[in-house]
Engineer: 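One structure, as structure tokens, below. Some questions next.
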Amino acid sequence: MDTLDAFARRKLAALEAAGLRRALAPTARLDGVHVLRGGQKLISFSCNDYLGLAHDPRVLAAAHGALDEHGAGAGASRLVTGDHPLLSALERRLAAFKGAEAACVFGSGYLTNAGVIATLTGANDLVLLDELVHSSLLSGGKLSSARVLTFRHNDAAHLRELLSAHRGGATRCLVATDGVFSMDGDLAPVGDLLAACRDHDAWLMVDDAHGVGVVNGGRGVAHGHAVPLRMGTLSKALGSYGGYVCASAPVIDYLKTRARTFVYSTALPPASAAAALAALEIVEREPERVAQPLRKARLFTGLMGMDEAQSSIVPVIVGEARRAVELSRALEKRGYLVGAIRPPTVPLGASRLRVTFSAAHDDADVAGLAQAMREALAP
Ligand SMILES: *Cc1c(COP(=O)(O)O)cnc(C)c1O
């Protein structure tokens, strides 16, 4: 008989044996770049706070003000009593920023993706996902009763094949992709995907979690394309917390009426909304800051002799999970925090170091990391 504890121990032992057990490491962020872990101060290349806004004094002042004025929590779902005016202000601002008619803010990016896909598709519908999309888009597919298929990474021709073969049998069809792929840093071919969707009467959703604040002057990968569903998060370059989707007014109204992760989940805390509003203002006003993460990433790929970075995320693929963990530890000894990414986050045999760059890094930090990385990788 398998008791609950025995089940968990057996699972953990198997993961341990495969080098796939994960452990939380208490880590305090000191500013946009430095963290404290195990008593050691490290330069972090593993945060998604690409513009250093999580510690920006203007963002903090906005959050403090909202906290003092409106309290720590929203108190309820937005449809009950939690619809703070700061949230509608944030939605108007996001819609304007994205050039969309309307926006809907959710409790997180994960809740946004899970809610949007499961609300817009159901039985008899088809959901097509790039094989490397973020887990939250897959969760949306699983929560929906639609048929879910994946197309080869960034392969619009394969998407067309699948649409030709399966679109006819479905009532509605939603295609979803990351804009910037979170573990690879490459960009989706949005124009080609959109053309395939147009030809086959499908709706395209682009998750720009890592594109906003970094790519296309900070407006994300989908910017400049007529993508009907543009999703993003407040928790990465915007330095706050929460998720959103931009779309036409009827689509947003429908989501606000029916998306379960919106209706049955407490609203975003007012301080998070205020912080995101202040961060958006900075993104719009400081193009020089917005240009930095990509510049730093390209400095690194140049120094490493790698293909030029396309976003603030650069993967250094090493293969085996254990090797990725060893390299991460070796870099930590040299004063750098770089995350080891293993299956199931990435495919088997494609474990990697995931290096992320921020406007807050000094060029000297980037050069130091490249040097340490080369030493660690040397046989
Ligand atoms: C981080 C991330 C999310 C989830 O956003 P959260 O706000 O952290 O829940 C969704 N999609 C992608 C591509 C991400 O990288």
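We count ligands from 1, going down the list as the structure has it; atoms in each ligand are counted the same way. Position 1 is the first residue of the sequence, and the numbers go up from there.
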Engineer: Does a salt bridge link Arg93 with Glu284, judged by any charged N lying under 4.0 Å from a carboxylate O?
Structural biologist: yes
Engineer: Which of these, Gly109, Ser136, Gly179, has its nearest heavy atom closest to atom 5 (O) of ligand 1?
Structural biologist: Gly109
Engineer: Should you measure from each heavy atom of Ser235, which atoms of ligand 1 turn up under 4.0 Å away?
Structural biologist: 6 (P), 7 (O), 8 (O)
Engineer: May I ask you to check whether Phe181 and His153 place their ring centres under 6.0 Å from each other?
Structural biologist: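 Yes; Phe181 has its ring centre under 6.0 Å from that of His153.
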Engineer: Any side-chain heavy atom of Ile313 sitting closer than 4.5 Å to one from Tyr50?
Structural biologist: yes
Engineer: Around atom CD of Glu286, are there more than 12 heavy atoms from other residues, nucleotides or ligands closer than 6.0 Å?
Structural biologist: yes
Engineer: Which is closest to atom 10 (C) of ligand 1 by heavy-atom distance: Ile313, Asp207, Val133?
Structural biologist: Asp207
Engineer: Report, in ascending order of atom number, the atoms of ligand 1 lying under 4.0 Å from any heavy atom of Ser182.
Structural biologist: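 Close to Ser182: 15 (O).
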Engineer: Looking only at the aromatic ring of each residue, does the gap between the centers of Tyr244 and Phe106 stay below 6.0 angstrom?
Structural biologist: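 Centroid separation for Phe106 and Tyr244: 6.0 Å or greater.
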Engineer: State the atoms of ligand 1, each with its element, that fall below the 4.0 Å cut-off from a heavy-atom position in His210.
Structural biologist: 14 (C), 15 (O)
Engineer: Could you list the atoms of ligand 1 found under 4.0 angstrom from a heavy atom of Asn113?
Structural biologist: 10 (C), 11 (N)
Engineer: Determine, using ring centers only, whether His361 and Phe45 are less than 6.0 Å apart.
Structural biologist: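 Centroid distance Phe45-His361: below 6.0 Å, so yes.
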Engineer: Which residue supplies the protein heavy atom nearest to atom 14 (C) of ligand 1, what is that atom called, and how far is it?
Structural biologist: Lys236 NZ, 2.8 Å
Engineer: Would you check whether Tyr110 has a nitrogen or oxygen atom less than 3.5 angstrom from a nitrogen or oxygen atom of ligand 1?
Structural biologist: yes
